[in-house]
Amino acid sequence: MVKKVLTWLGIAFLIFFIAFNPTAAASVFESLGGTIADIAEGFGTFFTDLVA
């Protein structure tokens with residue numbers, strides 16, 4: 001039950017954040033996307049070097 005409530009509160013906060021501060025929200029998501037891309041690139045380099 002607590003997990004369900006926390007999930008809905010998180011979704012509500014996310015919607016509120018995007019609706020009332022879209023510039024900052026875009027910046028946060030851009031940063032997260034860049035971080036995820038860097039991690040994926042690191043894994044790709046690791047496996048390429050592992051096989052080579």
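Computed from heavy atoms alone, side chains included, the values below leave out hydrogens, waters and symmetry copies.
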Using a 4.5 Å side-chain heavy-atom cut-off and chaining through intermediate ILVMFWY residues, the residues clustered with Trp8 come out as Ile11, Ile15
Linking Ile, Leu, Val, Met, Phe, Trp and Tyr through side-chain heavy atoms less than 4.5 Å apart, which residues share a cluster with Val51?
-> none
Side-chain atoms of residues 24-47: list all donor-acceptor pairs with protein atoms under 3.5 Å, sequence neighbours left out, distances to 0.1 Å.
residue : atom : partner : partner atom : Å
Thr35   : OG1  : Ser31   : O            : 3.0
Thr45   : OG1  : Glu41   : O            : 2.9

Indicate the ring-plane relationship of Phe13 and Phe17, choosing parallel, tilted or perpendicular according to the 30° and 60° boundaries.
-> parallel
So how far is it from Met1 CE to Leu6 CG, rounded to the nearest 0.5 Å?
-> 10.5 Å
